[in-house]
Amino acid sequence: MSVEQDSNAQDSDRAHAQIAEVVEKYIDFLTNGTAEQIADLYAPDATVEDPIGADVRNTREQLVEFYSIITNMDERTATLKWKKIAGDTAVFEFTLVTGTSGMRFEITPVDIMVFDADGKIASMRAVWQPGDLVQL
């Protein structure tokens, strides 16, 4: 392996670790964080399409409003099931259980995140459909 290949491999390993850390923070913040903390994981010009086919959110205000729906729930627990990372992209599945006003719901989406050079989420697309939301 040449010095250049070794350097590229180290850069790739660092990027992989950085992306993995952001995915873990995202899951943790869905359970324990604020909408602002989740929005901080995103680049300033990021886009969110959740679910795929929904209107794209592309401002910090829209992200905070969107994630506030989850973070304002009386109960919320996100559990990462698996993740795969390649290049600048992470794909992962997680289960989110939420509850409010005596009602509980569960959904298990697959999220696709693309990251920028600074390790911020540049885009997120969530794969799920309304029938995937189950009342518990």
Side-chain angles (χ1 to χ4, degrees):
M1 184 182 299
S2 72
V3 172
E4 183 177 317
Q5 287 172 322
D6 188 44
S7 176
N8 288 342
Q10 288 175 353
D11 289 347
S12 177
D13 289 347
R14 274 193 294 277
H16 184 280
Q18 186 176 28
I19 290 170
E21 182 180 347
V22 172
V23 170
E24 295 289 340
K25 283 182 180 178
Y26 180 77
I27 297 298
D28 181 52
F29 290 161
L30 285 172
T31 299
N32 300 306
T34 65
E36 290 79 8
Q37 286 175 305
I38 298 169
D40 287 344
L41 298 174
Y42 285 88
D45 58 347
T47 60
V48 171
E49 187 179 2
D50 188 344
I52 290 176
D55 290 340
V56 173
R57 295 166 180 89
N58 59 8
T59 67
R60 179 176 173 81
E61 293 74 27
Q62 289 173 327
L63 296 183
V64 169
E65 179 183 19
F66 173 69
Y67 285 110
S68 290
I69 295 167
I70 296 168
T71 60
N72 288 335
M73 293 279 181
D74 297 331
E75 172 193 351
R76 56 193 166 109
T77 305
T79 306
L80 184 64
K81 298 181 79 148
W82 57 263
K83 69 176 176 285
K84 296 284 184 186
I85 299 169
D88 64 353
T89 303
V91 178
F92 57 96
E93 181 180 42
F94 66 100
T95 298
L96 178 63
V97 176
T98 58
T100 191
S101 302
M103 294 173 42
R104 297 178 73 229
F105 295 91
E106 178 182 274
I107 192 161
T108 304
V110 174
D111 282 6
I112 305 163
M113 291 181 172
V114 177
F115 291 78
D116 68 12
D118 296 322
K120 295 283 193 175
I121 303 164
S123 71
M124 189 279 277
R125 300 180 80 206
V127 182
W128 64 273
Q129 32 187 340
D132 296 336
L133 185 63
V134 177
Q135 186 170 355
L136 302 176

Same cluster (ILVMFWY, side-chain, under 4.5 Å), [X] and [Y]:
X      : Y      : value
Val110 : Leu96  : no
Val23  : Trp128 : yes
Leu30  : Ile107 : yes
Phe105 : Val97  : no
Val91  : Val127 : yes

Query raised in the report: Among Leu63, Thr47, Asn58, whose side chain to side chain contact (heavy atoms under 4.5 Å, CB included) with Tyr42 holds?
Result: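 Among the candidates, only Leu63 passes.
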
Gap between atom [atom2] of [Y] and atom [atom1] of [X] - 0.5 Å precision:
X      : Y      : atom1 : atom2 : result
Lys84  : Ile112 : NZ    : CD1   : 15.0 Å
Thr89  : Ile85  : OG1   : CD1   : 10.0 Å
Met103 : Thr98  : CE    : OG1   : 9.5 Å
Lys83  : Phe94  : NZ    : CZ    : 13.5 Å
Arg104 : Glu75  : CZ    : CD    : 4.0 Å
Thr59  : Asp45  : OG1   : CG    : 12.0 Å

Would you name the heavy atoms of [X] and [Y] that are closest together and state the gap between them?
X      : Y      : answer
Arg57  : Asp50  : NH1-O, 3.5 Å
Phe29  : Leu41  : CD1-CD1, 3.9 Å
Ala39  : Arg60  : CB-NH1, 3.4 Å
Ile19  : Gly87  : CD1-O, 3.5 Å
Lys81  : Thr95  : CD-OG1, 3.4 Å
Asp111 : Ala126 : OD1-CB, 3.3 Å

So does [Y] get a backbone contact from the side chain of [X], meaning a donor-acceptor N/O pair under 3.5 Å?
X      : Y     : answer
Asn72  : Ser68 : yes
Lys120 : Asp40 : yes
Thr100 : Met73 : no
Arg125 : Pro51 : no

Query raised in the report: Does the pair Ile121 and Val22 meet the rule for a side chain to side chain contact (heavy atoms under 4.5 Å, CB included), with working shown?
Result: CA-CA 8 Å; Ile121 303 164; Val22 172; 4.0 Å; yes

Query raised in the report: Do other residues, nucleotides or ligands put more than 12 heavy atoms under 6.0 Å from the CD atom of Glu65?
Result: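 No - once you tally the heavy atoms of other residues, nucleotides and ligands closer than 6.0 Å, there are 12 at most.
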
Report task. With side chain to side chain contact (heavy atoms under 4.5 Å, CB included) as the test, would you mind laying out the steps for Thr108 and Asp132 before giving the verdict? Result -> CA-CA 7 Å; Thr108 304; Asp132 296 336; over 6 Å; no

Query - Step-by-step side chain to side chain contact (heavy atoms under 4.5 Å, CB included) determination, Thr34 to Gln37 - result: CA-CA 5 Å; Thr34 65; Gln37 286 175 305; 3.3 Å; yes

Requested in this report: Just say parallel, tilted or perpendicular for the rings of Tyr26 and Tyr67, cut-offs at 30° and 60°.
Outcome: perpendicular

Query - Working for side chain to side chain contact (heavy atoms under 4.5 Å, CB included), residues Val56 and Val48 - result: CA-CA 6 Å; Val56 173; Val48 171; over 6 Å; no

